[in-house]
Amino acid sequence: MSTDPALAATGTEFSSDVARELQKEGGIGPYRLAARRLARNKVALAFGALFALIVVMCLLAPVYAHDIAHTGPNDEHITQVIKVAGKPTDVLSPVGIPIGPTWHGRFFLGADGSGRDVAVRLLYGGRNSLEIGIEATFITILLASILGIVGAYFRGPLDGLISRAFDLIWAYPVYLLGIALGVTLQLQGLDLGVFKIKGSSLVLTALIIGFVFIPYVGKPIRGQVLVLREREFIDAARQQGLGSLRIMFGEVLPNVASTIIVFIPLILANSILTEAGLSYLGAGVQDPNPSWGTMISDGIRLIPAAIHLVLVPGLMLVLAVLGINVFGDGVRDALDPRARIRIEH
Amino acid sequence: MGRFVVRRVASTIGVLIAISIFTFLIFQAIPNGDPALRLAGRTATQTQIEAIRHTWGFDKPIYIQYLRTMEKIFDGSVVSYNQGFNVEEEIRRDLPVTASLALGAGFIWLALGIVFGALSAWRAGRWLDRGLTVLSMIGVSMPVFFLGAVLAYYVGDKWGVLPPGDYVKLTEDPWGWLEHLVMPWFALSVLFIGVYSRVLRSTILDNINDDYVRTARAKGLSERQVMIRHVLRNSLIPIISLWGLDFASVIGGGAILTESVFNLHGVGQYAAQSVQALDIPSVLVITMFGAFTVVLLSAIVDVVYAALDPRIRL
Amino acid sequence: MSDPERLLEVRDLRVCFQTEGGVVKAVGGVSFDVDRGEVVAIVGESGSGKSVTAMTLMGLTRSANASFQGSARFEGTELIAAREDQLRRIRGARIAMIFQDPMSSLNPVQRVGEQIVEQIRVHDHAISKRAAGERAITLMARVGIPQARERARSYPHEFSGGMRQRAMIAMALSCSPSLLIADEPTTALDVTIQAQIISELKQLCEETGAAVILVSHDLGVVADIADRVLVMYGGRIVEQATLDELFYDPQHPYTWGLLGSIARLDRDRTQRLPAIAGMPPSLVNPPEGCHFRPRCPHAFERCTQVPGLDSRLAQGSGHLDRCWLSPEQKRKLRSVEGVIGLASDETVIA
Amino acid sequence: MTRYLRSIGAVLVALVLPVVMGACGSSSSGPTVTVVQGTAPDYLDPSQGYTTQAANSSWVSYLGLYTYAHASATAGGQVIPAIATAPPKVTGGGKTYTITIRKGLKYSNGEAVKASDFLFTIERAIKLNWGGAAYFTGNIAGATDYSKGKSNTITGISANDATGQIVIHLTAPYGAFENVLAFPSAGLLPSTTPMTPQDTSPPSGFGPYEIKNVVPNQGYDVSLNPSYASQAIPGVPAGHVNIHVKIETNTTTEAEDVLNNSADVFDWGDTVPPSLLPQVQSQAASRYASEPTALVLYFFMNIKEKPFDNILARKAVIMALDRNALSRLDSGNITPGCYFLPPTLVGHPSTPCPYGDPSKSPNIAAAKKLVAEAGLTGYPVTVWGEERQPRKEYIDNYAATLNEIGFKATTKIIASTQYFPTIGTLKSHPQTGFADWQQDFPNPFDFYLLVDGSGISQVNNENFGEINDPFINSEIKALTPVLSSQLSSVASRWEKLDEYVAKKAYLGVFGYEKVPKFTSTRINFSQAIFHPVYGLDYTSLTLTK
């Protein structure tokens with residue numbers, strides 16, 4: 001690539017090259033530059049704010065439950081009768097059809113098939129979905145980075161083993177592996193020696209999702225490190241007598257950091273979607289804990305009488321994931337204008 | 001080419017063996033997971049359970065059980081725990097459904113992905129691009145079973161435009177086949193259209209700045225010719241290979257959610273049902289079949305890739 | 001304009017790019033002429049605006065964030081303001097271009113022969129595919145590609161660097177253009193191949209009568225072929241002269257620096273080659289006055305005013321420069337250790 | 001390796017070829033009606049099938065020595081002779097059954113029905129591990145040895161083809177043995193039937209129908225057996241229509257199909273989705289009914305484990321159960337109740353429930369007081385449940401109730417297939433959880449197996465509460481030998497026993513399942529019989545026009 005800034009002809013590319021030039025001149029770090037670029041991307045910021053808003057709303061779930069809806073996420077009001085527009089109405093009709101949105105404090109978004117307040121469950125469900133998404137992302141990113149870097153750095157049999165393991169996981173369809181692990185592990189929980197995870201724990205679902213996505217991040221990181229390790233500065237570090245650990249995490253890691261950062265929102269969005277999918281297939285969050293996925297799948301049963309049970313959590317899920325995706329796209333544009341990094345669904 | 005084939009066959013066999021062992025082991029971890037108990041039913045006596053254990057070979061060590069199951073898979077005689085059906089026949093029967101879903105959806109998502117991606121890149125930064133970007137972002141943010149359920153409700157039940165699910169055989173009722181599949185095709189495609197249009201857009205924007213594109217302009221080619229003959233053609237190469245892998249994963253049972261929500265008796269739904277029923281033989285065969293299609297199609301993709309991009313050596 | 005020998009007249013050409021870092025004034029008022037059959041070299045370092053100038057003539061810098069001023073008349077057609085379709089008829093047919101990196105400048109997934117055929121057929125709709133193919137093979141043979149018939153079916157990556165550049169030349173000459181713009185045609189090549197390519201290029205242009213604008217950062221390359229040289233710095237022409245004038249009587253301190261940094265056979269190899277100290281100027285916020293001022297060891301107060309591109313030599317020849325120093329001062333100052341060069345604080349090892 | 005490659009190749013080739021499955025035509029005359037089933041039968045081979053979906057077809061396709069009367073309600077629980085000429089002659093203190101078969105009957109494949117086919121049929125059901133085989137091996141002398149492979153035949157059965165006489169020796173008197181003989185799995189099969197599962201092409205049998213054209217997980221035909229009409233058994237009508245069973249796992253689609261007449265019969269094993277119920281009740285009132293069944297729903301409480309070793313805790317639970325809420329979770333398909341024996345069965349007590357009217361709101365306050373009294377407030381309880389709608393909803397509700405009355409309940413939900421094997425493993429020590437029982441045959445004895453102290457076993461346990469009460473045990477022992485046909489004579493004793501169980505608060509019974517009888521307008525609804533054991537009777541289906 002030419003270093004002559006004016007050589008590149010068209011818009012986007014041109015600007016990024018100039019930025020690189022500027023950065024050389026002015027000594028602005030790549031991350032500050034990216035932050036500056038991101039700050040100019042109003043659409044990405046708006047969607048990021050949308051996501052933040054959803055997060056805040058979900059965090060405020062206990063307040064809403066306690067002060068406005070006066071019920072918990074798992075409290076059932078099956079045989080209760082409440083007043084809607086002055087008329088007493090069953091929360092759950094004798095044949096089990098839940099009340100629709102009342103647009104008032106109690107049952108603002110209606111009740112679900114077990115007479116629980118949908119609005120309250122929506123917020124608590126969001127907490128669970130987000131928690132799983134964040135934990136899964138953490139697991140994926142952590143393990144994928146370590147495996148990718150260590151494998152590519154040392155090469156040899158260790159790398160072979162890691163690559164084969166990646167291939168193995170990668171050859172499964174995501175949901176098939178997810179439900180296989182989900183169904184079997186939920187029956188027994190997971191005993192990792194030091195700590196035990198109960199079958200009904202959210203962490204277990206997060207762990208499964210995190211595990212499934214490892215190769216999708218690990219492979220690109222490994223590829224990048226394979227190139228990096230041949231570069232001069234790594235040689236130099238080696239000749240200085242730096243230890244492998246120091247080189248891997250002091251020299252290599254910072255150079256793949258932008259790739260890792262780009263993957264974070266992608267994996268977060270995909271984890272949340274996968275959680276929903278697994279819950280739909282009965283291998284995700286366990287009842288009675290709500291999550292957006294379980295709420296949708298419970299709601300599907302009551303279509304067509306109560307489409308709101310599907311629409312409410314579904315739209316919330318789409319909005320949250322959309323927020324992450326658009327914001328993440330902005331982050332990627334800012335860090336990696338050539339958009340070389342992508343993930344399979 | 002010869003070496004490529006040998007290498008690929010070897011690695012395929014390796015992956016299949018590994019995947020079968022891994023799948024088998026996943027299900028061994030179930031507590032009280034003795035399949036004999038499930039098979040025997042609630043009122044079975046100890047004698048009966050013993051008998052079942054013996055006939056199915058559950059009294060043998062795990063590796064023998066594994067080897068016996070694999071042997072049965074190879075000679076095509078493996079039957080499911082649940083109803084004793086021949087698993088391979090089941091897959092063979094489910095495959096036309098999955099293939100119908102994959103072919104139609106694959107065509108739609110490839111075509112629309114290319115059109116949207118190309119338009120988006122062509123108008124990069126303009127309103128059309130922004131609109132398409134938002135659309136594709138919504139597409140990749142949409143859980144397919146949510147979209148499917150909502151579509152089935154509105155388009156299927158409420159407005160009655162299309163049937164809300166099920167599969168009709170192409171050989172029996174071609175029109176019904178099409179009618180029943182339109183919604184699943186669309187629902188399954190949405191995510192991929194989003195992904196493909198984004199990938200194509202960025203590939204095009206990347207290639208647009210390549211030197212050979214400048215050369216093409218300098219030759220006096222019109223903008224359209226430059227875009228189609230050089231930029232688009234070169235940018236499609238990675239899309240085609242992506243398509244091969246995604247298509248393979250759908251064929252191999254990856255469209256679990258779509259098949260479930262539209263009640264299509266395909267490989268994916270069979271997979272989901274088998275896993276939930278803890279039916280090890282079926283799950284083993286399906287995962288191996290899925291992995292095999294993925295590995296096979298990725299090999300084909302590599303060959304096609306090499307044909308499209310002469311720089312790649314097999 | 002009325003001169004039939006005059007092929008190209010560039011007048012006060014300015015090119016700006018809107019970027020997120022600010023407005024980049026890539027070319028800041030450039031004027032020059034090219035006569036038929038003449039070889040004009042544009043020399044300068046990265047960011048001097050030489051490539052932008054060359055590509056702007058072809059309309060290759062046009063984009064949403066670029067703006068242009070001034071004019072460039074080529075064979076009676078205004079290029080800068082031309083509509084895209086007008087320009088397209090000129091590109092490749094009347095003005096052809098050769099780029100720096102022959103590897104990336106050829107479409108990697110198209111056969112070399114096809115790429116030449118494409119060029120021929122886009123300007124000659126009547127020619128059959130087969131005939132165009134034959135012509136491509138002839139052209140390839142003519143630029144010195146052996147076994148041209150077979151090689152036409154090869155892909156660019158199967159060619160060596162020199163062969164690729166030959167293929168580029170064959171492509172460029174395929175429609176017998178009257179102007180060939182060669183943008184750093186040999187930079188990416190081996191030194192031994194460089195000379196070959198340059199001499200072949202020269203020979204081919206003489207045969208076809210095409211004029212050449214040779215863009216290079218390397219005065220050594222230019223020396224073999226150019227009739228006239230334009231030295232650019234910071235988006236402006238700082239000196240314009242014939243090849244001999246420039247080499248034997250350079251007027252601008254920047255030119256001295258360029259000359260000083262050429263590795264010359266008549267110099268001791270072990271001797272240190274002086275490079276010009278400092279960074280090229282920012283094109284967003286260029287220094288006031290003479291752009292070279294911050295790097296010029298001879299700068300004085302007057303340099304904060306922009307010197308015009310004038311003839312400052314007694315003879316009143318076409319030898320123009322942008323430096324306030326008097327010719328006498330220049331003559332004195334440019335001699336460093338007995339050869340032409342720019343006095344400097346830093347030196348690098350060759 | 002080569003073999004592997006070849007077989008994969010073969011699979012692929014076969015996969016690529018278009019697969020055209022057998023079309024569902026029927027050779028027999030008569031109109032065809034479509035039955036939609038939400039769940040495929042477990043097996044269509046009668047020697048294996050055990051689910052209601054399987055029995056629905058097989059009890060009219062494989063007649064045994066005895067069968068049930070084709071009538072609704074309690075009348076349908078009556079065992080009548082089918083291939084046997086008369087009720088069995090029971091001698092030897094209830095241990096010897098002598099039966100003679102009708103002469104000249106022919107299977108659908110033309111073979112003659114022989115007395116020795118009975119022996120073959122029972123052997124085959126044991127060999128193929130029929131889910132209820134314990135009814136044979138547990139009762140017939142020599143059947144256990146046969147199943148263990150110690151003997152080549154069942155020594156307790158002797159059959160004389162010439163006279164048509166069959167003598168069965170039991171290991172102990174067993175009053176419900178006639179019911180056992182009426183199982184579809186005891187439906188006679190020709191001795192030429194292979195000793196291997198025949199699920200995709202079920203064997204020939206004797207009966208009004210025959211099962212054909214099986215496409216696994218998609219459907220099968222239950223066609224009129226053309227040879228039956230001429231040799232019809234009294235009380236077993238020949239049937240009027242051919243049946244095509246279509247598997248439709250989406251119950252909404254299933255119900256819609258029947259509602260808009262694109263299918264004719266809704267599977268009684270499924271529930272009409274609540275979202276469609278209002279529509280069904282308004283648009284199809286004349287062809288929809290909720291029929292009571294002998295399926296009891298309860299929460300077991302382990303009396304060997306704290307806190308339910310304390311009767312106060314159990315009483316509190318029974319008082320606190322919100323049966324109306326539980327019913328609404330099942331679209332209103334539960335008849336609230338507190339007794340273990342369902343109302344359709346002989347032995348269901350008529351006295352009021354000991355701990356409050358089950359159809360009224362629960363007395364939470366009193367229950368809470370009881371728990372506090374027992375000093376169990378805050379005691380942790382794990383509630384086991386199965387991952388299936390609405391059963392997991394029951395569990396959520398139940399756990400909430402437990403919490404309300406002072407326990408600290410958490411749920412443990414297990415995949416449906418694994419649920420009963422898990423809680424049936426004694427060492428899992430389930431404290432409490434969901435359980436149900438659907439009768440195998442209409443005899444209270446069939447229910448009391450589940451609370452029989454001698455029935456507690458390490459695996460496959462059904463007495464989840466580990467109830468081992470001497471009074472219950474002795475009553476069961478005393479009532480076991482009473483023949484089904486004399487059941488009414490001991491009705492009051494069963495009632496007493498059932499009241500006792502309720503009073504001791506051993507089982508948290510919350511009600512009995514109601515099932516849908518739902519047909520299209522094509523079907524003559526009022527004449528269609530809803531059989532108490534096998535559901536909608538195919539032989540009673542007729543078209544309105």
Side-chain angles (χ1 to χ4, degrees), chain B residues 1 114 119-130 200-201 203-242 301-314, chain C residues 51 54-55 57-65 84-112 114-124 153-158 164 167-168 171-172 174-175 177 180-181 183 188:
Chain B
M1 190 70 186
I114 290 173
L119 284 177
S120 202
W122 178 269
R123 289 266 164 261
R126 316 262 184 90
W127 281 110
L128 183 64
D129 175 35
R130 293 208 185 131
L200 184 62
R201 178 184 182 274
T203 317
I204 289 179
L205 289 184
D206 198 18
N207 287 347
I208 254 180
N209 294 298
D210 278 354
D211 292 348
Y212 67 82
V213 177
R214 197 177 53 195
T215 308
R217 283 209 188 88
K219 281 170 162 183
L221 264 61
S222 73
E223 201 55 24
R224 243 180 68 127
Q225 287 169 320
V226 172
M227 282 294 169
I228 292 173
R229 282 196 215 161
H230 291 270
V231 180
L232 190 60
R233 185 184 176 279
N234 289 23
S235 304
L236 283 181
I237 295 172
I239 292 288
I240 301 292
S241 72
L242 199 59
V301 160
D302 285 351
V303 173
V304 173
Y305 207 118
L308 291 175
D309 188 340
R311 286 169 296 180
I312 308 292
R313 291 270 164 77
L314 293 179
Chain C
S51 288
M55 292 205 297
L57 297 177
M58 292 280 274
L60 294 179
T61 47
R62 291 181 174 199
S63 73
N65 61 349
E84 189 64 23
D85 57 333
Q86 283 180 309
L87 210 51
R88 205 160 61 228
R89 251 166 292 164
I90 295 172
R91 277 188 202 146
R94 308 305 305 147
I95 310 179
M97 194 154 180
I98 302 168
F99 297 97
Q100 176 177 359
D101 184 350
M103 176 70 233
S104 61
S105 296
L106 288 167
N107 189 336
V109 303
Q110 222 178 3
R111 295 177 202 280
V112 173
E114 280 172 27
Q115 299 192 40
I116 300 174
V117 167
E118 187 181 34
Q119 159 107 51
I120 294 168
R121 281 166 57 90
V122 77
H123 293 291
D124 184 352
R153 295 187 48 76
S154 302
Y155 289 97
H157 73 278
E158 293 164 325
R164 270 181 230 143
M168 280 296 288
M171 192 153 78
S174 61
C175 297
L180 181 68
I181 301 175
D183 185 358

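Each chain gets a letter, A, B and so on, in the order the sequences are listed, and its residues count up from 1. What you see below is based on every heavy atom in this structure, not just the backbone, and it leaves out hydrogens, waters and symmetry mates.
Shortest non-hydrogen contact noted between B:Pro310 and C:Pro108 is CG-O, 3.6 Å. Summarising the geometry of B:Ala218 relative to C:Met97, their closest heavy-atom pair is CB-CB, 4.3 Å, with the distance given to 0.1 Å.
When heavy atoms are compared at a cutoff of 4.5 Å, B:Ile237 approaches chain C solely by way of its side chain, counted from C-beta outward.
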Show me, pair by pair, the donor and acceptor atoms from chain B and chain C that are under 3.5 Å apart.
{"unit_1": "B:Asp211", "atom_1": "OD2", "unit_2": "C:Ser104", "atom_2": "OG", "d": "2.5"}
{"unit_1": "B:Tyr212", "atom_1": "N", "unit_2": "C:Ser104", "atom_2": "O", "d": "2.9"}
{"unit_1": "B:Thr215", "atom_1": "OG1", "unit_2": "C:Ser105", "atom_2": "O", "d": "2.6"}
{"unit_1": "B:Ala218", "atom_1": "O", "unit_2": "C:Gly92", "atom_2": "N", "d": "3.1"}
{"unit_1": "B:Lys219", "atom_1": "O", "unit_2": "C:Gln119", "atom_2": "NE2", "d": "3.4"}
{"unit_1": "B:Lys219", "atom_1": "O", "unit_2": "C:His123", "atom_2": "NE2", "d": "2.6"}
{"unit_1": "B:Lys219", "atom_1": "NZ", "unit_2": "C:Gln115", "atom_2": "O", "d": "2.8"}
{"unit_1": "B:Lys219", "atom_1": "NZ", "unit_2": "C:Glu118", "atom_2": "OE1", "d": "2.9"}
{"unit_1": "B:Arg229", "atom_1": "NH1", "unit_2": "C:Glu118", "atom_2": "OE2", "d": "3.0"}
{"unit_1": "B:His230", "atom_1": "ND1", "unit_2": "C:Asn107", "atom_2": "ND2", "d": "2.8"}
{"unit_1": "B:His230", "atom_1": "NE2", "unit_2": "C:Glu118", "atom_2": "OE1", "d": "2.9"}
{"unit_1": "B:His230", "atom_1": "NE2", "unit_2": "C:Glu118", "atom_2": "OE2", "d": "3.1"}
{"unit_1": "B:Asn234", "atom_1": "ND2", "unit_2": "C:Asn107", "atom_2": "OD1", "d": "2.8"}
{"unit_1": "B:Pro310", "atom_1": "O", "unit_2": "C:His157", "atom_2": "NE2", "d": "3.3"}

